[in-house]
Amino acid sequence: MSAFAARLIAWQRDHGRHDLPWQVADAYKVWLSEIMLQQTQVTTVIDYYQRFLQRFPDVASLAAAPLDDVLALWSGLGYYTRARNLHKAAQKVMADFGGAFPRLPAEIETLPGIGRSTAAAIAAFSFDTRSAILDGNVKRVLARWAGIDGFPGTKVIENKLWTLADSLLPASGSDMPAYTQAQMDLGATVCTPKKPACPACPVSDDCIARMTGRQAELPTPKPKKAVPERSTVMLLIRDDAGRLLLQKRPPTGIWGGLWSLPETGSTLDAERHCANVLKLKVQPDPALPDFVHVFTHFRLTITPLPASVTGATALADDDTLRWFTRTEALAAGIPTPLRRLLNA
DNA sequence: AAGCCGGGGTG
DNA sequence: CACCCAGGCTT
């Protein structure tokens, strides 16, 4: 086995994390954790993971559940396509694999929401398979250790990193859980983005970045771009019982499949929108202040516009438009800015 | 190959 | 604020 792998495995035994709730040889639990951990930090995931596992203890219960229940447990975690794909994949495991999670990385990767790295992680942790992962931690560790220049988001650099990752695997499959965990732990606790703790690193003595003093320059950062500004008006429409009107968002796009407030382009549109689109006659209520919600790729200024229906509620509930009590709304799959509004 | 998709932890 | 996180899918 490579000296690199041996040193990481030894380091993991003494200094790695061993008490994370998903560190079990159970493909369902490993899978769930890997999906939740995509672009999401460990501390954020733990509570969601425990709640999700309690409600859906196995792949069969997840497959049988309504999507809305899955989204409700995902509410606040972000990247909601992950929840939709998780649900879809559970149904595929039941239908195409007889309820037994597939063992081969190539099979695992056919499930929606699982790419090369996640398939490899599931196979390594659950089935001792020799397959390399390449997540943000590994990209940083390898780019520094091997002195690989260039933004890892580009195909050329990513291919280099995959080839290197493949070449460094331990010889024995039985070492794969420890080795895979070691890379993640090293990236998360020692080879950190800022101020890496090189003296604590098991591979610092032949690390190119360390030897050349380039830890702060590697990996090459993503090229900067201006963040676009957008704005929207969210209608806080209440009926005479104080219930709130929510609208289910389209399955794709921002907050896909979540229940959110009806929106209009401007406050001037609001009354017309209520009458023509929502079929409601409303009167304005006291205004609320604008607030900003920040995404990775744009900033959204939200103007909440409170209003009340006048007279009887002509609107019938349907699949995309429904009245919620505050409690019901907080229990549903709703985006974070709405949760913030309801808790304000 | 580049853009899209959330929210929060951290310095 | 700015950066980045156990990435994958779509175009």
Side-chain angles (χ1 to χ4, degrees), chain A residues 16-17 20-23 29-49 71 74-86 88-89 108-125 132-141 150-159 161-162 165 177 180-189 191-196 216 219 221-228 230 249-258 260 292-300 333-340:
Chain A
R17 298 176 287 192
L20 297 170
W22 44 81
Q23 288 179 321
K29 295 179 182 176
V30 172
W31 169 44
L32 174 62
S33 73
E34 290 298 329
I35 300 302
M36 285 190 166
L37 287 160
Q38 286 172 357
Q39 299 300 103
T40 311
Q41 293 181 349
V42 167
T43 53
T44 304
V45 163
I46 288 180
D47 287 345
Y48 285 90
Y49 174 84
L71 285 170
W74 210 271
S75 178
L77 197 55
Y79 284 135
Y80 298 97
T81 297
R82 293 185 295 176
R84 306 177 65 83
N85 282 335
L86 191 75
K88 227 181 295 180
I108 299 173
E109 205 176 331
T110 67
L111 297 171
I114 301 180
R116 179 173 173 183
S117 184
T118 298
I122 295 170
F125 285 129
I133 63 166
L134 190 63
D135 59 23
N137 286 317
V138 179
K139 286 176 180 171
R140 185 171 56 254
V141 170
F151 173 52
T154 67
K155 201 68 182 176
V156 173
I157 305 302
E158 193 183 344
N159 287 340
L161 290 166
W162 272 119
T180 304
Q181 189 67 49
Q183 295 174 89
M184 297 170 168
D185 291 355
L186 189 68
T189 65
C191 194
T192 49
K194 294 171 196 172
K195 297 187 179 180
K222 180 188 181 74
K224 290 180 192 174
K225 259 188 330 183
V227 179
R230 300 188 201 170
R249 301 185 59 88
T252 59
I254 200 84
W255 299 325
L258 270 62
S260 190
V292 175
H293 187 75
V294 181
F295 294 87
T296 306
H297 48 306
F298 64 94
R299 285 165 51 91
L300 182 65
I334 60 174
T336 289
L338 175 54
R339 194 169 294 280
R340 187 176 310 166

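For the numbers below, each heavy atom of this structure counts, side chains included, while hydrogens, waters and symmetry mates do not. Just so we're on the same page: letters track the sequence lines, and every chain starts at 1.
If you check the side chains of Thr40(A) and Arg82(A), you find a donor sitting under 3.5 Å from an acceptor.
Distance from the side chain of Gln181(A) is smallest for dA6(C) among the nucleotides dA6(C), dC5(B), dG7(B). Looking at the side chain of Phe295(A), the nearest of the listed nucleotides dG7(C), dC5(B), dG7(B) is dG7(B). Out of dA6(C), dC9(C), dG6(B), the shortest distance to the side chain of Thr40(A) is found at dG6(B). Comparing dG6(B), dC1(C), dG7(C) by their nearest atom to the side chain of Arg299(A) picks out dC1(C). Nearest to the side chain of Glu34(A), among dG8(C), dA2(B), dA6(C), sits dA6(C). Considering only the side chain of Thr44(A), dG8(B) comes nearest among dG8(B), dG7(B), dC5(C).
dA6(C) atom P lies 16 Å from atom CD1 of Ile122(A), rounded to whole Å. In this structure, NZ of Lys225(A) is placed 12 Å from P of dC5(B), rounded to the nearest angstrom. The separation between Leu338(A) atom CG and dG6(B) atom P is 15 Å, rounded to whole Å. Residue Lys224(A) contributes atom NZ, which lies 9 Å from atom P of dC4(C) at whole-angstrom precision. Rounded to whole angstrom, the span from the CZ atom of Arg249(A) across to the P atom of dC5(B) amounts to 10 Å. Counting to the nearest Å, the P atom of dA6(C) and the CG atom of Asn137(A) are 4 Å from each other. In this structure, Tyr80(A) atom OH and dC9(C) atom C1' are separated by 18 Å, rounded to whole Å. Rounded to an integer number of Å, the gap from CG of Leu37(A) to P of dG8(B) is 16 Å.
Taking 3.5 Å as the limit, the base of dG8(B) and the side chain of Thr336(A) contain no donor-acceptor pair of atoms between them. Side-chain N/O atoms of Thr296(A) and base N/O atoms of dG6(B) include a donor-acceptor pair closer than 3.5 Å.
If Tyr79(A) and Thr43(A) are placed on DNA chain B by their nearest nucleotide, the residue sitting closer to the 5' end is Tyr79(A). When each of Glu109(A) and Val42(A) is assigned the nucleotide of DNA chain C bearing its nearest heavy atom, the one mapping closer to the 5' terminus is Val42(A). Of the two residues contacting DNA chain B, namely Gln38(A) and Lys155(A), the nearest-nucleotide position lying further toward the 5' end is that of Lys155(A).
Contact annotation for Gly153(A): no contact, since no heavy-atom pair falls under 4.0 Å across all strands. Within 4.0 Å (heavy atoms only), Leu20(A) reaches at least one base atom of the nucleic acid. Here Arg17(A) lies in heavy-atom contact (under 4.0 Å) with a base. Residue Leu134(A) is out of contact with every strand shown, counting any heavy-atom pair closer than 4.0 Å. Among the atoms of the strands shown, none is found under 4.0 Å from any heavy atom of Pro221(A). Within the nucleic acid shown, Val138(A) has no heavy atom closer than 4.0 Å to any nucleic acid atom. Residue contacts shown for Gly187(A) are absent, as no nucleic acid heavy atom lies under 4.0 Å away. When heavy atoms are screened at a 4.0 angstrom cut-off, Trp31(A) is found touching no nucleic acid atom at all.
Ring geometry for Phe295(A) against Phe298(A) counts as parallel: the plane angle stays under 30°, on a 0 to 90° scale with 60° as the upper cut.
Proximity of Phe151(A) to Ile157(A): side-chain heavy atoms (C-beta onward) are nowhere separated by under 4.5 Å.
When the P atom is used for both dG8(B) and dG8(C), the distance is 23 Å, rounded to whole Å. A gap of 22 Å separates the C1' atoms of dG3(B) and dA6(C), to the nearest Å.
Phosphate contact (OP1/OP2 of dC5(B), side-chain N/O of His297(A), threshold under 4.0 Å): present. Dashed line: the shortest gap from a side-chain N or O of Gln41(A) to OP1 or OP2 of dG8(B) is not under 4.0 Å. Here Trp255(A) reaches the OP1 or OP2 of dG7(B): one of its side-chain N or O atoms lies under 4.0 Å away. For Arg140(A) and dC5(C), the shortest distance from a side-chain N or O to OP1 or OP2 is below 4.0 Å.
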**OP:** Report the C-alpha separation of Trp22(A) and Met36(A) in whole Å, then their side-chain angles, then the decisive distance to 0.1 Å, and conclude whether the side-chain contact (heavy atoms from CB on, under 4.5 Å) test is met.
**Re:** CA-CA 11 Å; Trp22(A) 44 81; Met36(A) 285 190 166; over 6 Å; no
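Atom-to-atom distance recorded for Ile133(A):CD1 and Ile122(A):CD1 is 11.5 Å, nearest 0.5 angstrom.
A donor-acceptor contact shorter than 3.5 Å links the side chain of Arg140(A) to the backbone of Gly187(A).
Results of the side chain to side chain donor-acceptor pair (under 3.5 Å) test with Thr118(A) over Glu34(A), Glu109(A), Gln38(A) single out Gln38(A) as the only residue that passes.
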